Protein chains: 2
Amino acid sequence: MGKSTTAERILDAAQILFATKGFSETSLRHITSKAGVNLAAVNYHFGSKEKLMQAVFERTLTPFCDNLEKQLLTHGQNRGATLSLEELFGMMVSTADGVYGDDSKEFSRFMRLMGLAYTQTQEELRAFLGERYGMVFKRFLVYIKLAAPEMAPKELFWRIHFALGAAVFTLASFGGLQEVLQKDYGMSVGLPDVVTRLVPFMAAGIRGDVEKES
Amino acid sequence: MGKSTTAERILDAAQILFATKGFSETSLRHITSKAGVNLAAVNYHFGSKEKLMQAVFERTLTPFCDNLEKQLLTHGQNRGATLSLEELFGMMVSTADGVYGDDSKEFSRFMRLMGLAYTQTQEELRAFLGERYGMVFKRFLVYIKLAAPEMAPKELFWRIHFALGAAVFTLASFGGLQEVLQKDYGMSVGLPDVVTRLVPFMAAGIRGDVEKES
DNA sequence: GTAAGTTTAAAACACTTGTTTTAAACTTAC
DNA sequence: GTAAGTTTAAAACAAGTGTTTTAAACTTAC
């Protein structure tokens, strides 16, 4: 365990603390003390707390997006047919799996981090993520449109955000929900369990297996 | 505008600032300066920042829950048949409508506040809300269970939270999404428009018009 | 071994935070 | 008018924040 560099240990500690307590609620002194390094080291390696936050996201978001795009291109070209919604969302899940290996705890942690990035008001961080990864997101949206071609753009727009909300909200509050489920139902669940339920929910909602009653 | 009491002006300012910036990111000095009152007034009337947060939620959550329960009881007894998911969610919408009148901006703001209460790590606030409004929430869950009787409890638990996430996320970021829709699609929508799309989405997702593929 | 880069220790900086206190002024009710 | 309650002003408190600086020690590469 002594092999990791100071910068890596800072990133590890920061990722854990950010995910569990939020950004504003986590201090640099808390991070460095958990990492077992000196306070000055964080500014030496990253420059500021803001840049440290960006580095935490960059470290795992970059390989994730690279892998996802690779998968999208190959699967999109191999078969002339369009990808289904389930296949698209499943692709994201398997990509995340590939990046995180079987360390589902780290995966869960980063998912919560993504939720916080959306929910928490961190203007600079949001700008950074948008500028850096916005294109990948938009390219993914194109595939979703292809998977639901008969739907009006306006309707699809809202349904995508409904589905996105379901995912972000659930993953962001995953820890809390886990506790409730344990206490009230006496059941325990892991993140993969939830994700496999989440994907069909999103797909069904977007596809809209809804018969109008009015 | 000079009619409102000091306590009310503090609550108003706090509600707006909490909703837009989050809890930790909003200082008491920011609140009191926006409210145009003295800093000491907040501790005089509420005791602490934590109690102020609770008071903000209590002010609008209490009438909402009271009205909802009243509606649930009358509609549940009048007809022996169970209420459908669409009817249940529609009941929440009309209850919110009744409490907030046509001030859709305040409604949207409070929805975002509810989202933050779930997402943001505020242990004391979560405990307070659970203790104070947990029963109403559970009673509502019973009606949902009756509307989807054939589903496993665990599965239903998660689908409810998926649907909840879709609602909270969408309504909370309604203002931002409206802008995007206007800019990218040249379309404008009102809150009722979105709600009428949201209710079927939630109902379809929970009911689970999904065929298992594994 | 020398130089460059890294890490630590300790302290200080300027600033913000929630909270409390003091005294004076104001409002309301009886 | 007196008393109780309210609100303000201003200041201080103790604690925590991100950031910077200093000097010394350590590691690595050439």
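Protein chains get the first letters and strands the later ones, always in sequence-line order, with residue 1 at the start of each. For clarity, every value in this text was computed on a predicted model and none was experimentally measured.
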Legend entry - Parallel, tilted or perpendicular: ring planes of A:F23 versus A:F18, cut at 30 and 60 degrees: tilted
Legend entry - Nearest-Å distance for atom pair OH/C1', residues A:Y44 and D:dT27: 11 Å
Inset, instruction - Indicate the atoms forming the closest heavy-atom contact of B:A117 with B:F57, along with that distance. - result: CB-CZ, 3.6 Å
Inset, instruction - Using the salt bridge (Lys or Arg N to Asp or Glu O under 4.0 Å) rule, take A:D12 and A:R109 through it: C-alpha gap first, then chi angles, then the decisive distance, then the call. - result: CA-CA 11 Å; A:D12 289 338; A:R109 204 155 46 211; over 6 Å; no
Legend entry - DNA chain D stem ranges, 3 or more consecutive Watson-Crick or G-U pairs under 3.5 angstrom: C:1-4 with D:27-30, C:9-13 with D:18-22, C:18-22 with D:9-13, C:26-30 with D:1-5
Legend entry - Between P of C:dT20 and CZ of B:R29, the distance in whole Å: 13 Å
Legend entry - Protein-nucleotide distance (A:E8, atom CD; C:dT6, atom P), rounded to Å: 13 Å
Legend entry - Distance in angstrom units between A:Q122 CD and D:dG18 P, rounded: 12 Å
Inset, instruction - Specify whether B:F140 and B:F89 have parallel, tilted or perpendicular ring planes, treating 30° as the upper limit for parallel and 60° as the lower limit for perpendicular. - result: tilted
Inset, instruction - Classify the nucleic acid contact of B:T26 as base, sugar-phosphate or nothing, counting any heavy atom under 4.0 Å across all strands shown. - result: sugar-phosphate
Legend entry - Sugar-phosphate only, base, or nothing, as touched by B:V37 at under 4.0 Å among non-hydrogen atoms: sugar-phosphate
Inset, instruction - Answer yes or no: are there more than 12 heavy-atom neighbours, outside A:K154 itself, under 6.0 Å from its atom NZ? - result: yes
Legend entry - Options C:dT7, C:dT19, D:dT19, nucleotide nearest the side-chain atoms of B:L28: C:dT19
Inset, instruction - Using only side-chain N and O atoms of B:S27, determine if any of them is under 4.0 Å from OP1 or OP2 of C:dT16. - result: no
Legend entry - Distance in angstrom units between B:H30 NE2 and C:dG18 C1', rounded: 16 Å
Legend entry - Pairwise 5' ranking along DNA chain C for B:A40 and B:K49, keeping only the more 5' one: B:K49
Legend entry - Donor-acceptor pair, side chain of B:E69 and main chain of B:D66, under 3.5 angstrom: no
Legend entry - Between D:dT20 (C1') and A:L39 (CG): distance, integer Å: 10 Å
Inset, instruction - Return yes when atom CD of B:E124 has more than 12 non-hydrogen atoms of other residues, nucleotides or ligands closer than 6.0 Å, and no otherwise. - result: no
Inset, instruction - Give the rounded distance in Å between these two atoms: CG of B:L52 and P of C:dT19. - result: 10 Å
Legend entry - Closest to the A:N38 side chain, choosing from C:dT7, C:dT20, C:dA9: C:dA9
Inset, instruction - For A:I31 and D:dG18, give me the distance from atom CD1 to atom P, rounded to whole Å. - result: 8 Å
Legend entry - Proximal nucleotide (of C:dT19, D:dT19, D:dT7) relative to the B:N43 side chain: C:dT19
